[in-house]
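Residue numbering restarts at 1 for every chain, and letters A, B, ... go by the order of the sequence lines.
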There are 2 protein chains.
Amino acid sequence: MSQFTSGELRVMQLLWEHGELKPGELQELHPVPIKNPALRSYLKILVDKGHVSRRRVGKAFFYKANTPRQRAFSTMLGDLVRIFCAGSVDELVMALVRKEKLSEDDLLELKRLADLGSEAGSRKRGAREKKS
Amino acid sequence: MSQFTSGELRVMQLLWEHGELKPGELQELHPVPIKNPALRSYLKILVDKGHVSRRRVGKAFFYKANTPRQRAFSTMLGDLVRIFCAGSVDELVMALVRKEKLSEDDLLELKRLADLGSEAGSRKRGAREKKS
DNA sequence: ATCAACCTGCAGATAAATCTGCACAATGCG
DNA sequence: CGCATTGTGCAGATTTATCTGCAGGTTGAT
């Protein structure tokens, strides 16, 4: 159930990027023009869902992301990979390559990260079933 | 708007996996119990959106995915990467590593794919802005 | 104190996603 | 043919996502 709608996501992004904001600031930073009540409607939903907490300061509230950005990303990506790749990663990378989302630099970086990950993975082996 | 809701996605998966199906088969294969009219409601939406086409056979229709599975995946993944990684791939891979979705084998495979991609990328350079 | 500028809670309106019911048509089997 | 099965179109009910309006409170400058 930790799924964000696109409207909610737009708000979360601002909170992730800027830390703690009050409505006016959120409104100014919001990528598309949004009126105060509409914004508050999203905030209420996010607070209800537990993704955002708020803290009274003077007259107003400061809103803060409760769910860390990295976790949200990881969850959503995990869902996608589970649905489309049965949990494996090959198709994921091939999709990126096909999309040309990966530049030459990205691929070098990817190899570097893969190396890092290999070491990390070796240090704590057995997390996942191996296929061969 | 090539976004699928989760209900639509469940149907698309079946069509991607099995090719061309009629309502009864879809109903049987459906991961969660679904009644005929509910299923048809999704099919209608998917047909309206253009993701599915249908072909009359006798009394009934056969439904077939119009949007290829790979493209849907690529689009959805692209959205996610754009939102969370500003189009770059580092955070994506790190998220996978952190999630332990990547086994040691996966990482080796990843490096292999990265090599393949590098060659492919070199053959048609300049698709994306470089960061340095 | 008064006013403008911001905030709040609450109570919807609108649209889309999800799911249901009803009346009827085509097919196959006795 | 008569009937059960499995379709179909159409017309909504329900829930969630998205957005709006109103009546009023708190703060700070005049």
Side-chain angles (χ1 to χ4, degrees), chain A residues 1-15 18-65 67 72 75-76 79-80 83, chain B residues 1-15 18-65 67 72 75-76 79-80 83:
Chain A
M1 280 283 272
S2 69
Q3 177 128 320
F4 298 97
T5 69
S6 58
E8 291 163 15
L9 213 43
R10 257 167 288 161
V11 173
M12 290 304 287
Q13 304 245 25
L14 296 179
L15 295 179
H18 297 90
E20 208 178 23
L21 295 172
K22 49 184 176 175
E25 296 165 337
L26 276 168
Q27 208 173 337
E28 280 178 17
L29 291 166
H30 202 267
V32 300
I34 189 172
K35 292 182 193 158
N36 176 287
L39 173 63
R40 276 166 48 211
S41 170
Y42 284 119
L43 285 172
K44 177 169 177 6
I45 289 174
L46 286 170
V47 168
D48 286 351
K49 284 190 183 173
H51 293 302
V52 165
S53 60
R54 57 185 208 172
R55 180 171 66 92
R56 177 146 243 150
V57 164
K59 64 176 178 181
F61 286 104
F62 280 84
Y63 292 84
K64 177 169 63 86
T67 301
T75 299
M76 293 179 73
D79 289 347
L80 204 60
I83 289 173
Chain B
M1 279 314 169
S2 68
Q3 176 127 320
F4 298 98
T5 69
S6 58
E8 291 162 15
L9 213 43
R10 256 168 288 160
V11 173
M12 289 303 288
Q13 303 244 28
L14 296 178
L15 296 179
H18 297 91
E20 209 177 23
L21 295 173
K22 50 183 176 176
E25 297 164 337
L26 276 168
Q27 208 172 338
E28 281 177 17
L29 291 167
H30 203 266
V32 299
I34 188 172
K35 292 182 192 154
N36 176 287
L39 174 65
R40 277 167 48 212
S41 170
Y42 284 120
L43 286 171
K44 177 169 178 4
I45 289 174
L46 286 168
V47 168
D48 285 351
K49 285 191 182 174
H51 293 302
V52 165
S53 59
R54 58 185 209 173
R55 180 170 66 93
R56 177 145 243 151
V57 163
K59 64 175 176 180
F61 286 104
F62 281 83
Y63 293 85
K64 177 170 62 85
T67 301
T75 299
M76 294 179 72
D79 289 347
L80 204 60
I83 289 173

* Using a cut-off of 4.0 Å on non-hydrogen atoms, how would the nucleic acid contact of Pro37(A) be classed: base, sugar-phosphate, or nothing? -> base
* Asked: Which of these nucleotides, dG7(D), dA17(C), dT8(C), is closest to any side-chain atom of Pro23(B)?
  -> dG7(D)
* What is the nucleic acid contact for Arg54(A), judged by heavy atoms within less than 4.0 Å: base, sugar-phosphate only, or nothing? -> sugar-phosphate
* Phosphate-side-chain proximity, Tyr63(A) and dC7(C), N/O vs OP1/OP2 below 4.0 Å -> no
* **Thr5(A) side chain near dT18(D) phosphate (N/O to OP1/OP2, under 4.0 Å)** => yes
* Structure fact -> Out of dT18(C), dT8(C), dC10(D), minimum distance to the side chain of Arg40(B) belongs to dC10(D)
* Taking OP1 and OP2 of dC19(D), is either one under 4.0 Å from a side-chain nitrogen or oxygen of Tyr42(A)? -> yes
* To do: Name the closest nucleotide to the Ser41(B) side chain, picking from dT18(C), dT8(C), dT18(D).
  => dT18(C)
* To do: Taking only the side-chain nitrogens and oxygens of Lys59(A), find out if one of them lies under 4.0 Å from OP1 or OP2 of dC6(C).
  => no
* **Backbone N/O of Thr5(B) and side chain of Glu8(B): donor-acceptor pair under 3.5 Å** => yes
* To do: Please work out if Lys22(A) contacts a base, only the sugar-phosphate, or nothing of the nucleic acid, heavy-atom cut-off 4.0 Å.
  => nothing
* Could you go step by step and tell me if Glu28(A) and Leu21(A) meet the side chain to side chain contact (heavy atoms under 4.5 Å, CB included) rule? -> CA-CA 11 Å; Glu28(A) 280 178 17; Leu21(A) 295 172; over 6 Å; no
* Structure fact -> CD of Glu20(A) to CD of Glu25(A), rounded to nearest 0.5 Å, is 9.5 Å
* Structure fact -> When Ile34(A), Val32(A), Leu26(A) are each screened for side-chain contact (heavy atoms from CB on, under 4.5 Å) with Arg10(A), the one that passes is Val32(A)
* **Ile45(A) CD1 - dT20(D) P separation (whole Å)** => 14 Å
* Asked: Between Leu39(A) and Phe62(B), which is nearer to the 5' end of DNA chain D once each is assigned its nearest nucleotide?
  -> Phe62(B)
